[in-house]
Amino acid sequence: WLNLPPVKLYTISFIIKSGKILLGHKKRGFGKGVYNGFGGKVEPGESVEAAALRELKEEAGITAKLVPCGTFIYFHEGSDHTFQVEVFKADNYEGESIETDEMRPEWFDVPDSIEQNSPIPWESMWAADRHWYPIMLSGKYFVGRIDFTETMEDGVKKYTLQRWWFG
Ligand code: 6OG
């Protein structure tokens, strides 16, 4: 664990407005088939915030005043990278959210509790999302680490979460 491989830096952004959260159903690439926020890789020389705004525009067709709300890092056995994901949110947006080549946007009710009959489709999302969405939705800043035991080939939904910290 002392020698984690080099970091790949990503963003994800969420619009959370009037009790609803905007997610995108990913149509291609990394995480295909899952619901997620809008985001992607930070390009060399680009700031994290500029990348978040660029990806929100590219994938959902909108702009927003994004505020950083958390960070998580994960690693899985056999990967040659450590992944760092910077999470942003906004309570409003400009433009009209549109389906793009990459994402189909869809609004979901923000649940009072994630335990019961949640309107958020946890089964069709990355395995760790249910651990940090509640912290994000509560308005607290979070920092987390996820260690996965399976490799990418088995599909994102089959990952086993080993550990999670936040604070
Ligand atoms: P492109 O390859 O499409 O960017 N991403 C994750 N999202 C969640 N919820 N959990 C993860 O791991 C993730 N790892 C990466 C970052 C990939 C998009 O997928 C996000 C980007 O928004 C537990 O450019």
Side-chain angles (χ1 to χ4, degrees), residues 4-16 21-64 66-90 93 97 99-106 108 110-111 114 118 120-137 142-166:
L4 285 173
V7 170
K8 270 196 188 169
L9 188 55
Y10 290 87
T11 65
I12 325 185
S13 302
F14 297 88
I15 309 294
I16 304 168
I21 182 167
L22 184 65
L23 300 179
H25 194 242
K26 191 112 191 292
K27 292 157 69 176
R28 67 172 191 212
F30 188 24
K32 183 178 172 197
V34 303
Y35 284 96
N36 209 347
F38 303 91
K41 241 179 256 134
V42 179
E43 302 288 347
E46 186 180 38
S47 73
V48 174
E49 181 153 57
L53 288 166
R54 176 179 53 72
E55 293 281 354
L56 183 65
K57 181 78 186 169
E58 281 174 16
E59 295 187 355
I62 57 177
T63 54
L66 295 174
V67 178
C69 64
T71 297
F72 61 88
I73 289 185
Y74 66 98
F75 176 74
H76 49 89
E77 284 163 358
S79 168
D80 54 1
H81 284 92
T82 305
F83 295 86
Q84 177 174 346
V85 182
E86 294 292 332
V87 187
F88 291 84
K89 66 180 178 182
Y93 64 99
S97 62
E99 178 162 349
T100 62
D101 289 352
E102 190 137 344
M103 288 283 215
R104 178 171 52 74
E106 197 173 327
F108 292 91
V110 171
I114 64 153
S118 170
I120 294 184
W122 304 116
E123 296 307 315
S124 310
M125 293 167 65
W126 286 74
D129 288 3
R130 68 187 75 195
H131 298 269
W132 57 264
Y133 271 51
I135 314 170
M136 170 176 73
L137 293 168
F142 65 93
V143 176
R145 167 177 147 178
I146 310 159
D147 298 340
F148 289 117
T149 54
E150 294 177 41
T151 55
M152 298 298 282
E153 287 74 38
D154 292 339
V156 289
K157 283 176 273 187
K158 297 207 182 96
Y159 288 168
T160 306
L161 183 67
Q162 289 188 310
R163 306 186 195 102
W164 177 255
W165 287 268
F166 67 89

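These numbers were taken from a predicted model, which means no experiment stands behind them. Read the numbers this way: they start at 1 and go in the same order the structure lists the ligands and their atoms.
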> Would you check whether W132 has a nitrogen or oxygen atom less than 3.5 angstrom from a nitrogen or oxygen atom of ligand 1?
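No, since none of the N or O atoms of W132 sits under 3.5 Å from an N or O of ligand 1.
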> Which bit of Y74 is near ligand 1, meaning a heavy atom under 4.0 Å away: side chain, backbone, both or neither?
side chain
> Decide whether an N or O pair under 3.5 Å exists between D129 and ligand 1.
yes
> State whether the side chain of T11 and the backbone N or O of E86 hold a donor-acceptor pair below 3.5 Å, judged by distance alone.
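Side chain of T11 to backbone of E86: no pair is present.
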> Could you say whether the N/O atoms of N36 and ligand 1 ever approach to under 3.5 Å?
yes
> Angle between ring planes, W132 versus F142, binned at 30° and 60°: parallel, tilted or perpendicular?
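W132 vs F142 ring planes: parallel.
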> Please confirm whether F72 comes within less than 3.5 Å of ligand 1 when only nitrogen or oxygen atoms on both sides are compared.
no
> Atoms of ligand 1 less than 4.0 Å from I12 heavy atoms?
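Taking each heavy atom of I12 in turn, ligand 1 has 7 (N), 8 (C), 9 (N) under 4.0 Å.
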> Taking only heavy atoms of G39 into account, list the atoms of ligand 1 that are under 4.0 Å away from them.
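Near G39, the atoms of ligand 1 are 4 (O), 21 (C), 22 (O).
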> Using modelled atom types only, decide if a donor and an acceptor are shared between the side chain of Q84 and the backbone of T71 within a distance under 3.5 Å.
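Here the side-chain-to-backbone pair does not exist.
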> Look only at interatomic distance and state if K26 has a nitrogen or oxygen under 3.5 Å from any nitrogen or oxygen of ligand 1.
yes
> Which atoms of ligand 1 sit under 4.0 Å from any heavy atom of T11?
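It comes down to these atoms of ligand 1: 16 (C), 21 (C), 22 (O).
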> Here's a test for you: under side chain to side chain donor-acceptor pair (under 3.5 Å), which of E49, E59, E46 qualifies with R54?
E46
> Enter the distance from S13:OG to K57:NZ here, rounded to the nearest 0.5 Å.
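Taking OG in S13 and NZ in K57, the distance rounds to 14.0 Å.
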> Identify, by atom number and element, the atoms of ligand 1 in contact range of K41, meaning under 4.0 Å from any of its heavy atoms.
24 (O)
> Rounded to the nearest 0.5 Å, what separates atom NZ in K41 from atom CZ in F83?
9.0 Å
> For ligand 1, is any non-hydrogen atom under 4.0 Å from E102's backbone (N, CA, C, O), its side chain (CB onward), both, or neither?
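It is the side chain that gets close, since no backbone atom is under 4.0 Å.
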> Pick from R28, K27, H25: which one makes a side chain to side chain donor-acceptor pair (under 3.5 Å) with E102?
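Filter result, single survivor: R28.
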